[in-house]
Structure formats: C-alpha cells, structure tokens
Amino acid sequence: MNKIIKIVLIVIGLVATALWFGMPSSDDPDAINSGSMNFMFIIMYLLLAIAVVATVFFGLKKLLSTPGSLKKALFAIGGLAIVVAISYGLSSGDEAKAVADAMADKGATESTVKNIGMGLNVFFILTAAAVALMVLPGLKKMFVK
C-alpha cells in the first residue's frame with residue numbers, strides 16, 4: 001500500500017511541476033482563467049479532500065477503538081461548549097447594541113456583533129488556558145525541586 005501511495009504522490013508531483021512550467025506570466029490579465037491554473041486548483045482540492053477524509057476516518061477509528069477516549073472527548077466537547085456559552089454571555093450587553101447602532105450603515109446587526117464578540121472571547125479564554133497549561137508545569141518544576 002505504501003508503494004502505491006508513493007507512486008501516486010510522485011505522479012502528482014510531476015504533473016504539478018509540468019503545470020507550474022505551463023503557467024502564464026504574471027503580466028497576463030487573464031492568467032487566473034488558464035487551464036494549468038484551474039488544474040492546479042483541482043489537484044489542490046483533491047488532496048485537501050483526501051487529507052480531510054483520512055483525518056476524520058483515522059481520528060474516529062482511534063476514538064472508538066481506544067477505551068476511555070470517547071469519555072475524554074465528550075468532556076472536551078462539553079468544556080468547549082461551556083467556554084462558548086460563557087463567551088456568548090460576556091459578549092451580550094449594552095456595548096453590542098451601541099456598536100450595532102454605530103455600524104448600522106455597514107449592515108452590522110446586534111446578533112453579528114455578539115457573535116464576533118463571542119468568537120474573540122473564546123479565542124482569549126482558550127489562549128489564556130493554553131498559556132497557563134504551558135507555564136504552570138514549568139514553574140512547578142522550577143520551584144518544587
């Protein structure tokens with residue numbers, strides 16, 4: 001199976017190289033519509049689809065075959081849902097209405113502003129958690145020796 005995959009990857013690499021040399025110059029205003037450019041996009045989408053399918057398949061296979069991993073995954077998903085709910089709660093308020101009113105001419109609604117605020121809050125909370133999980137064990141090792 002590995003031999004077949006290596007051969008397929010070599011063939012894709014050779015085709016991509018041939019397409020690279022067949023690309024139009026950057027001065028051409030119609031370069032995006034060239035056949036070699038379109039075929040390179042097709043190859044990219046095909047490889048991306050293969051990577052996504054393989055990742056989901058092997059991830060689910062590992063998740064369902066390892067004892068206890070499904071429980072851990074459900075706890076992680078539940079924790080993420082709690083972080084999202086807390087972030088949405090933090091993003092609603094008078095500020096969201098004020099920003100939506102100020103940006104109404106650009107099509108902003110209060111719901112859009114709340115969703116953007118929620119996304120930012122999720123990012124900040126998860127970043128703080130990641131930094132804490134990296135720094136705290138190092139500090140513990142440094143002081144507990």
Side-chain angles (χ1 to χ4, degrees), residues 1-93 95-96 99-100 103-145:
M1 184 69 172
N2 284 338
K3 266 188 163 182
I4 295 171
I5 291 174
K6 285 181 183 179
I7 292 171
V8 169
L9 289 176
I10 290 171
V11 168
I12 290 174
L14 291 174
V15 169
T17 303
L19 291 172
W20 176 265
F21 287 113
M23 286 179 50
S25 70
S26 60
D27 298 338
D28 187 7
D30 200 35
I32 195 69
N33 295 324
S34 72
S36 58
M37 184 77 83
N38 288 335
F39 199 65
M40 286 180 100
F41 279 118
I42 290 170
I43 290 173
M44 183 214 36
Y45 288 132
L46 179 69
L47 291 175
L48 181 64
I50 291 170
V52 167
V53 168
T55 302
V56 169
F57 173 74
F58 288 114
L60 288 175
K61 181 180 169 188
K62 177 83 171 175
L63 183 70
L64 297 175
S65 66
T66 307
S69 63
L70 189 59
K71 184 178 177 182
K72 288 181 183 179
L74 289 175
F75 277 125
I77 292 171
L80 183 63
I82 290 170
V83 168
V84 168
I86 290 170
S87 298
Y88 189 77
L90 290 174
S91 69
S92 33
E95 300 90 20
V99 171
M103 304 276 300
D105 59 331
K106 296 194 176 18
T109 64
E110 188 174 353
S111 173
T112 305
V113 173
K114 284 182 184 180
N115 287 337
I116 292 170
M118 177 197 64
L120 289 171
N121 288 335
V122 167
F123 173 75
F124 294 141
I125 291 170
L126 292 179
T127 301
V131 168
L133 288 173
M134 287 188 292
V135 170
L136 292 179
L139 290 175
K140 183 179 177 185
K141 282 183 184 178
M142 195 167 34
F143 291 118
V144 174
K145 283 186 176 181

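Below, all heavy atoms of this structure are taken into account, side chains as well, without hydrogens, waters or symmetry copies. Since this is a predicted model, take the numbers as computed values, not measurements.
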*Which value, rounded to the nearest 0.5 Å, describes the distance between M44 atom CE and L47 atom CG?*
9.0 Å

*Report the residue from V122, N115, I116, N121 that forms a side chain to side chain contact (heavy atoms under 4.5 Å, CB included) with S91.*
N121

*Starting at CD1 of I7, measure out to NZ of K3 and round the result to the nearest 0.5 Å.*
7.0 Å

*Mind listing the closest non-hydrogen atom pair of M118 and S87 along with its distance?*
O-CB, 3.6 Å

*Any idea which heavy atoms bring P137 and A132 closest together, and the distance?*
CD-O, 4.0 Å

_Listing request: all salt bridge (Lys or Arg N to Asp or Glu O under 4.0 Å) pairs with a residue in residues 111-132, at least two apart in sequence or in separate chains._
E110-K114

*asked:* Could you measure the distance from the CZ atom of F41 to the CG atom of N38? Nearest 0.5 Å is fine.
replied: 7.5 Å

*asked:* As an exercise, state the distance from CG of L9 to CG of L14, rounded to the nearest 0.5 Å.
replied: 11.0 Å

_Approximate separation, where rounding is to 0.5 Å, of L80 CG and I125 CD1_ = 10.5 Å

*Side chains of I12 and L46 in contact at under 4.5 Å (non-hydrogen atoms)*: no

*asked:* Can you confirm whether L63 sits close enough to L60 that some side-chain heavy atom of one is under 4.5 Å from a side-chain heavy atom of the other?
replied: yes

*asked:* Rounded to the nearest 0.5 Å, what separates atom CG in L139 from atom CE in M134?
replied: 12.0 Å

*Taking the side chain as every heavy atom from C-beta outward, state whether F58 and K62 have any atom pair closer than 4.5 Å.*
no

